[in-house]
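Below you'll find the structure, written out as structure tokens, and then a few comments.
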Protein chains: 2
Amino acid sequence: MKLEHSDLPGHSDVTASPDALHNDCRGVATVLSRVGDKWSVLVIMMLGERPRRFNELKRMIGGISQRMLTLTLRGLERDGLVTRTVFPTVPPRVDYELTDLGRGLSTTVKELGEWAKQHLPDIEAARQSFDRRSAE
Amino acid sequence: MKLEHSDLPGHSDVTASPDALHNDCRGVATVLSRVGDKWSVLVIMMLGERPRRFNELKRMIGGISQRMLTLTLRGLERDGLVTRTVFPTVPPRVDYELTDLGRGLSTTVKELGEWAKQHLPDIEAARQSFDRRSAE
DNA sequence: CCGAATCCAATCAGATACTG
DNA sequence: CAGTATCTGATTGGATTCGG
């Protein structure tokens with residue numbers, strides 16, 4: 001099977017309600033779902049410092065399957081966030097690097113990450129409290 | 001079936017790689033996946049202005065099923081981002097409102113949304129270009 | 001009006017095996 | 001090394017029905 005775009009993560013294109021107001025939201029939503037994608041964010045972070053090779057990324061992330069890494073990288077490449085450069089050497093070598101767009105997103109996401117890290121204790125406390133309440 | 005937490009969106013708790021570095025990431029990831037969740041963000045936006053009732057939210061969003069709205073609201077409530085107040089009237093009435101935590105997140109997310117809106121043209125252009133290249 | 005329970009289809013993600 | 005193909009179990013989301 002060839003790789004179809006619908007296979008790529010982060011593109012749960014909304015199908016309903018062709019309202020005027022939502023036209024914006026939906027486009028934005030596809031970008032946000034990139035951010036929400038577990039692997040995409042990690043990959044972007046890993047590429048923040050310098051370009052990386054495929055297996056280098058795989059090792060750094062360390063819980064991702066080959067398939068998912070490929071899919072994630074294709075998605076990022078498709079969105080113009082990452083470039084893919086093939087060196088026709090043997091053994092083959094492929095470098096992935098953030099584009100300017102990708103770097104911009106990474107800094108914005110990093111801010112969100114900061115917020116998350118700061119308030120993580122609050123959220124986890126809320127979760128535990130909620131779970132205790134619904135357990136009884 | 002009772003509502004289990006694993007049913008709630010935005011909690012694809014990672015199961016692998018108990019590395020030291022990733023302990024942070026994983027907690028943060030659960031927060032980020034909230035942001036990436038299609039419905040959560042919309043709901044947070046809708047509640048930005050003032051508290052809303054269940055069906056009010058349903059109408060405003062206009063493509064969401066009852067089930068998903070319930071699930072989304074439970075998830076937000078569990079994370080301490082939203083409060084749920086039941087008025088024991090007849091017919092029953094339930095108000096949802098952002099907490100301080102939720103408001104904090106909403107402003108941060110709004111910034112990300114701004115970035116997304118600004119660069120949406122670039123991204124969509126990249127997507128089309130990518131799709132054309134892989135079509136040939 | 002608000003929501004829980006159940007059923008069911010579609011999508012997703014991991015493991016494995018195979019190529020240039 | 002850097003993928004692709006395929007199979008399979010797990011998750012997800014919608015529709016519907018029922019209840020306080």
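Computed from heavy atoms alone, side chains included, the values below leave out hydrogens, waters and symmetry copies. Lettering of chains follows the sequences in order, A, B, ..., and the numbering in each one begins at 1.
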Compare side-chain N and O positions of [X] against OP1 and OP2 of [N] and report whether any pair is under 4.0 Å apart.
| X | N | answer |
| --- | --- | --- |
| A/R74 | D/dG3 | yes |
| A/R53 | D/dA2 | yes |
| A/R67 | C/dC12 | no |

Practice prompt. Side-chain contact test, heavy atoms from C-beta onward, threshold under 4.5 Å: evaluate it for A/V82 versus A/E97 and give yes or no.
Written response: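 They are not in contact (no side-chain heavy atoms under 4.5 Å apart), so the answer is no.
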Find the distance [X]:[atom1] to [N]:[atom2] and express it as a whole number of Å.
| X | N | atom1 | atom2 | result |
| --- | --- | --- | --- | --- |
| B/W39 | D/dG14 | CH2 | P | 6 Å |
| A/R52 | D/dC1 | CZ | P | 16 Å |
| B/K58 | C/dC2 | NZ | P | 11 Å |
| A/E56 | D/dA2 | CD | C1' | 14 Å |
| B/I64 | C/dG3 | CD1 | C1' | 13 Å |
| A/L69 | D/dC1 | CG | P | 14 Å |
| B/F54 | D/dG20 | CZ | P | 18 Å |
| B/F87 | D/dG20 | CZ | C1' | 18 Å |

Worksheet item: What's the closest nucleotide to the B/M68 side chain, out of C/dG14, C/dC1, D/dG13?
Response: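 My answer, after comparing the listed nucleotides, is D/dG13.
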Item to complete: Compare the minimum distances between each of C/dG3, C/dG14, D/dA2 and the side chain of A/K38, then state the nucleotide with the smallest one.
Response: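 Looking only at heavy atoms from C-beta outward on A/K38, the closest nucleotide is C/dG14.
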Worksheet item: Do any N or O atoms from the side chain of A/E56 and from the backbone of A/R53 form a donor-acceptor pair under 3.5 angstrom?
Response: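 Side chain of A/E56 to backbone of A/R53: a pair is present.
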Worksheet item: Do A/S33 side-chain atoms and A/T30 backbone N/O form a donor-acceptor pair below 3.5 Å?
Response: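 Yes, because the side chain of A/S33 sits within donor-acceptor range (under 3.5 Å) of the backbone of A/T30.
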Worksheet item: Given A/W115, which of A/H119, A/Q118, A/K117 fulfils the side chain to side chain contact (heavy atoms under 4.5 Å, CB included) condition?
Response: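 Only match with A/W115 under side chain to side chain contact (heavy atoms under 4.5 Å, CB included): A/H119.
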Worksheet item: How is A/Y96 classified with respect to the nucleic acid when contacts are heavy atoms under 4.0 Å: base, sugar-phosphate, or nothing?
Response: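 Sugar-phosphate contact only.
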Worksheet item: Hey, mind stepping through A/R52 and A/Y96 against side-chain hydrogen bond (donor to acceptor under 3.5 Å, both in side chains) and telling me if it holds?
Response: CA-CA 5 Å; A/R52 304 278 183 184; A/Y96 292 92; over 6 Å; no
Worksheet item: So which one's nearest nucleotide on DNA chain C is more toward 5', A/P92 or A/Q66?
Response: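 Of the two residues, A/Q66 wins.
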